[in-house]
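All of these numbers come straight from a predicted model, not from anything done at the bench. Letters A, B, ... are given to chains in the order of the sequence lines, protein chains preceding strands, and every chain is numbered from 1.
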2 protein chains.
Amino acid sequence: MSLYDKTEHLYTLIHKINRKLRNPKFDSTDQHVLPPITKVQWWILKTVWERKQCTAGYLAKMIGVRPSTMSQMLDRLENADFIVRFTDAADARVRIICLTDKGQNIFHHSESKFVEKLAGPLGYLTPEEQQFLILLMEKLARHFPKQNND
Amino acid sequence: MSLYDKTEHLYTLIHKINRKLRNPKFDSTDQHVLPPITKVQWWILKTVWERKQCTAGYLAKMIGVRPSTMSQMLDRLENADFIVRFTDAADARVRIICLTDKGQNIFHHSESKFVEKLAGPLGYLTPEEQQFLILLMEKLARHFPKQNND
DNA sequence: CTATTTTGTTTAGTATAACTAACTATATTT
DNA sequence: AAATATAGTTAGTTATACTAAACAAAATAG
């Protein structure tokens, strides 16, 4: 199998696995009582949660979208009462994003919901295989041209 | 590191790598002359190409979307002259999808464009690591609850 | 053999995610 | 003080998803 074929095969595998991990919002087999958030929304909440607070621009860089996209994503999250925005005292251009109580709540509840989808299949690998898979994926991720400083 | 933490970490890695492989259409660093198609569109063309022809319903199952979603995706691809739809002679409800010459062309040209994004980073792994990564990803993919028969 | 149900696809309406381009407001530099 | 750069927002567009409702054709049931 040529390198190109290998690459294509792996590309296919990543694509397929990722689709299996997709938004529960768009997943009819998943009927939950919790207000549904999408994977990217969860990602934003996670990013804010990890730093307690951060700017809109930082979020855009971390998530890998344009500031305009982030602005509208934040509109939706603010509308849903998951985050609050306020102006930085030091620089009035900058908007500081924080989680509300509701936002923290939904984040923690959704987290398991998202990660669980992967937990089952991963359980079929031996601990050694799991460890090695993570190692290889880390190595792979490291070598992508980085646009966001992570 | 607990199993949950491992799972979450892997989830993060898959998420990030997948975002790096995203639609060139939404990627400002990628300026191409070729008419841009999205990853999912490429996936649809690929699926049709592999069987020469198939039904709309089959495509929906393979891609993992509702028939209504597929119908609209096919509208766009048909509008762009990448596919043609015609009615099955044996069962007038069924729509057969085929690639046009233009569709085959764009598929082949886009394929490398998509796969290339992965080729670079994958090149940093040794051939053994590449092989093992594919093996582990295959094993992982196998154990997802299958909704589409692939 | 008509009447009902199931199947395959489409249409309509909605929401999210992503983009570019143009704009506003504040900071920084010249 | 004027010009430029930075941080975010707004407006407009496209693609991807969904549900619900419709439609036509095929399959089944009484």
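The cationic group of A:Lys39 lies under 6.0 Å from the six-membered ring centre of B:Tyr11 and within 45° of the ring axis, placing it in a cation-pi geometry.
Atom CD in B:Gln72 sits about 8 Å away from atom C1' in C:dT11, given to the nearest Å. Between the CH2 atom of A:Trp42 and the C1' atom of C:dT16 there is a distance of 18 Å, rounded to whole Å. Here D:dA15 presents its P atom at 9 Å from CG of B:Asn79, a figure rounded to the nearest Å. Note: CD1 (B:Ile63) to P (D:dC18) measures 12 Å, nearest angstrom. Between the P atom of C:dT11 and the CE atom of B:Met70 lies a distance of 15 Å, rounded to the nearest Å. Going from atom CZ of A:Arg66 over to atom P of C:dT20 covers 4 Å, rounded to whole Å. At whole-Å resolution of the value, CZ in A:Arg93 and C1' in D:dG8 are 10 Å apart.
Look at A:Thr69 and you won't find any side-chain N or O under 4.0 angstrom from OP1 or OP2 of C:dA18. OP1 or OP2 of C:dG8 has not a single side-chain nitrogen or oxygen of B:Arg95 nearer than 4.0 Å. In this structure, A:Thr38 does not reach the C:dT16 phosphate: none of its side-chain N or O atoms is under 4.0 Å from OP1 or OP2. Taking side-chain N and O atoms only, B:Arg19 has no distance below 4.0 Å to OP1 or OP2 of C:dA17. In this model, the phosphate group of C:dA15 is not approached by any side-chain N or O of A:Arg76 to a distance below 4.0 Å at OP1 or OP2.
Of the listed nucleotides (C:dT10, C:dT16, C:dG8), C:dT10 has the atom at the smallest distance from the side chain of B:Pro67. With C:dA17, D:dC18, C:dA25 as the candidates, the nucleotide lying closest to the side chain of A:Val40 is C:dA17. Each of D:dT6, D:dT9, C:dT10 was ranked by its minimum atom distance to the side chain of A:Arg85; first place goes to D:dT9.
A distance of 6.0 Å or more separates the ring centres of B:Phe107 and B:Trp43.
Considering every non-hydrogen atom in both B:Leu45 and B:Gly103, the closest pair reads CD1-O, 4.1 Å. For the residue pair A:Arg85 and A:Ser71, the shortest heavy atom distance occurs at NH1-O, 3.5 Å.
When each of A:Asp75 and B:Ala92 is assigned the nucleotide of DNA chain D bearing its nearest heavy atom, the one mapping closer to the 5' terminus is A:Asp75.
Side-chain to base pairing of A:Ser68 with C:dT20: one donor and one acceptor N or O lie within less than 3.5 Å of each other.
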